[in-house]
Number of protein chains: 2
Amino acid sequence: MAVSQTADYALRAVVWLAHHHGQTQTAPQLAEATGVPTSYLPKVLQPLIRDGLLRAQRGLHGGYALVRDPALLSVLDIINCVDPMPRIHACPLGPGRHHDELCALHRLLDGATAEAERRFAETHIDALLPVSPGTRDADPHD
Amino acid sequence: MAVSQTADYALRAVVWLAHHHGQTQTAPQLAEATGVPTSYLPKVLQPLIRDGLLRAQRGLHGGYALVRDPALLSVLDIINCVDPMPRIHACPLGPGRHHDELCALHRLLDGATAEAERRFAETHIDALLPVSPGTRDADPHD
DNA sequence: TTGTTTGTGGACATTCATATCCACATATGA
DNA sequence: TCATATGTGGATATGAATGTCCACAAACAA
């Protein structure tokens with residue numbers, strides 16, 4: 001997968017919350033709707049709450065709700081908060097010895113990650129909503 | 001990382017073998033040169049041998065050697081052989097119920113993987129060699 | 001104040017990619 | 001034929017990502 005399972009889960013939950021903007025959703029509701037394991041979901045959402053992207057409310061009629069406007073919230077915002085994509089800042093062998101042999105390879109590998117980040121930064125949550133006009137963009141796989 | 005650790009290891013080894021085309025390299029030599037754990041390298045190369053991309057020779061003066069021309073061997077060839085990139089062919093929740101809400105998201109995620117595959121298919125091993133003209137292509141990370 | 005509903009945080013379990021080790025098979029040269 | 005140098009395959013170990021569980025804290029309503 002392009003992103004970790006955990007990041008995927010977080011994105012599903014955020015898209016769902018954006019689709020039901022304003023209404024708080026309980027963990028079981030969210031889990032049922034998104035297919036995220038009920039007992040794992042709170043762990044996934046924790047960093048989003050810490051960084052103020054989500055709001056969590058305890059007690060009766062509590063639950064989770066989206067704080068920011070889905071149009072101003074990028075897919076990369078979610079990924080970076082929950083599980084940032086690993087970047088290659090230096091060749092694994094260090095600058096010495098065989099560095100040159102491996103450099104072009106890792107430039108390519110990290111370039112692919114950079115391109116993915118670019119796409120995720122450009123795509124906002126509102127573009128992923130069912131009825132949004134943003135639904136029609138790049139062509140599907142194959 | 002864009003690809004698994006194992007695929008990275010395989011690519012390092014193949015690039016090294018391409019750079020020393022024709023000469024067989026023993027596992028310890030390859031491991032030392034590429035930074036791959038010596039005891040893990042044989043496992044990594046196994047699928048490449050099975051599919052005929054590498055040749056393995058036992059006994060004195062044995063070792064590993066590249067079979068195909070580096071100019072005709074793509075990065076994706078190696079990845080697909082060792083550890084194919086997971087593609088998303090259907091939304092995780094299946095076609096029922098909330099399928100629509102998640103579809104655009106997973107189209108985006110798989111699209112990023114598809115783009116990476118495209119890059120890896122277009123880049124051949126000879127372009128990753130130290131002195132090759134192909135070394136100068138896309139700009140580095142950041 | 002009390003009971004119920006909700007999220008929180010931490011301990012623990014499970015799974016899988018990664019890594020190690022070793023007895024064995026095979027090739028070479030003397 | 002024998003000694004040595006190699007890769008092979010399988011059992012096992014390790015560590016990180018994923019997933020489960022539960023006692024607790026907090027919010028609301030009666």
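On a predicted model such as this, the values are computed, not experimentally measured, just so you know. Order of the sequence lines fixes the chain letters, A, B, ..., with proteins taken first and strands second; residue numbering starts at 1 for each chain.
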Engineer: Between atom CD in A:Gln5 and atom P in C:dC16, what is the gap in whole Å?
Structural biologist: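 Taking CD of A:Gln5 and P of C:dC16, I get 12 Å after rounding.
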Engineer: Is there a side-chain contact between B:Thr6 and the phosphate of C:dT18, meaning an N or O under 4.0 Å from OP1 or OP2?
Structural biologist: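 B:Thr6 to C:dT18 OP1/OP2: side-chain N or O found under 4.0 Å.
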Engineer: Who passes side-chain hydrogen bond (donor to acceptor under 3.5 Å, both in side chains) against B:Gln25, sequence neighbours left out?
Structural biologist: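 Once residues adjacent in sequence are excluded, the partners of B:Gln25 under the side-chain hydrogen bond (donor to acceptor under 3.5 Å, both in side chains) criterion are B:Trp16.
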Engineer: Would you mind checking if B:Arg119 and B:Glu115 are paired as a salt bridge, meaning a charged N to carboxylate O distance below 4.0 Å?
Structural biologist: yes
Engineer: Check nucleotides 10-13 of chain C against the protein and report each pair of N or O atoms closer than 3.5 Å, with its distance, or say if there are none.
Structural biologist:
| from | atom 1 | to | atom 2 | distance (Å) |
| --- | --- | --- | --- | --- |
| C:dG10 | N7 | A:Lys43 | NZ | 3.3 |
| C:dG10 | O6 | A:Lys43 | NZ | 2.9 |

Engineer: Can you tell me how far P of D:dT8 sits from CG of B:Leu45, to the nearest Å?
Structural biologist: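 Going from CG in B:Leu45 over to P in D:dT8 covers 8 Å.
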Engineer: May I have the distance from A:Arg12 (atom CZ) to D:dT18 (atom C1'), rounded to whole angstrom?
Structural biologist: 13 Å
Engineer: If the cut-off is 4.0 Å, is B:Tyr40 near the phosphate of C:dC21, judged by side-chain N/O to OP1 or OP2?
Structural biologist: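 No, no such contact exists.
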Engineer: Between P on C:dA19 and CG on B:Asp83, what's the gap in Å once rounded to a whole number?
Structural biologist: 12 Å
Engineer: Could you state the atom-to-atom distance from CE of B:Met1 to C1' of D:dA17 in whole Å?
Structural biologist: 15 Å
Engineer: I need the CG-C1' distance between A:Leu41 and C:dT8, as an integer number of Å.
Structural biologist: 13 Å
Engineer: What's the separation between atom CE in A:Met1 and atom CG in B:Leu109, rounded to the nearest 0.5 Å?
Structural biologist: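 Reported to 0.5 Å precision, the distance equals 8.0 Å.
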Engineer: Which nucleotide in the list C:dT8, D:dT18, C:dT6 gets nearest to the side chain of A:Gln46?
Structural biologist: C:dT8
Engineer: Going 5' to 3' along nucleotides 25-30 of chain D, which nucleotides have protein heavy atoms under 4.0 Å from the base (write B), which only from the sugar-phosphate (write S), and which from neither (write -)?
Structural biologist: BSBS--
Engineer: Over how many whole Å does the gap from A:Tyr9 atom OH to D:dT18 atom P extend?
Structural biologist: 8 Å
Engineer: With respect to the side chain of A:Ser39, which nucleotide from D:dT6, D:dC21, C:dT18 is positioned closest?
Structural biologist: D:dC21
Engineer: In whole angstroms, how far is the P atom of C:dA17 from the CG atom of B:Asp8?
Structural biologist: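 Distance, rounded to whole Å: 17 Å.
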Engineer: Mind checking whether B:Thr113 and B:Pro86 have side chains closer than 4.5 Å, heavy atoms only?
Structural biologist: no
Engineer: Output side-chain donor-acceptor pairs under 3.5 Å for residues 67-78 of chain B, partner residues at least two apart or in another chain, one line each.
Structural biologist:
| from | atom 1 | to | atom 2 | distance (Å) |
| --- | --- | --- | --- | --- |
| B:Arg68 | NH2 | B:Leu72 | O | 3.2 |
| B:Asp69 | OD1 | B:Ala71 | N | 2.9 |
| B:Ser74 | OG | B:Leu76 | N | 3.4 |
| B:Ser74 | OG | B:Asp77 | N | 3.0 |
| B:Ser74 | OG | B:Asp77 | OD1 | 3.3 |
| B:Ser74 | OG | B:Asp77 | OD2 | 3.2 |
| B:Asp77 | OD2 | B:Ser74 | N | 2.9 |

Engineer: Begin from the C-alpha positions of A:His106 and B:Asp8 and carry the test side chain to side chain donor-acceptor pair (under 3.5 Å) through to its verdict.
Structural biologist: CA-CA 9 Å; A:His106 288 104; B:Asp8 185 328; 3.1 Å; yes
Engineer: Any salt bridge (Lys or Arg N to Asp or Glu O under 4.0 Å) involving residues 46-60 of chain A? Give me the pairs, sequence neighbours left out, ordered by first then second residue.
Structural biologist: none
Engineer: Looking at B:Tyr64, I'd like to know whether one of its side-chain N or O atoms comes within less than 4.0 Å of OP1 or OP2 on D:dT8.
Structural biologist: yes
Engineer: If you find the nucleotide of DNA chain D closest to B:Pro28 and the one closest to A:Thr38, which residue's nucleotide is nearer the 5' end?
Structural biologist: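 Upstream on the strand: B:Pro28.
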Engineer: Please name all residues satisfying side chain to side chain contact (heavy atoms under 4.5 Å, CB included) with A:Ser4, sequence neighbours left out, ordered by chain then number.
Structural biologist: A:Thr6, A:Ala7, A:Asp83
Engineer: Distance from B:His124 atom NE2 to B:Leu128 atom CG, nearest 0.5 Å?
Structural biologist: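 Nearest 0.5 Å value for the NE2-CG distance: 10.5 Å.
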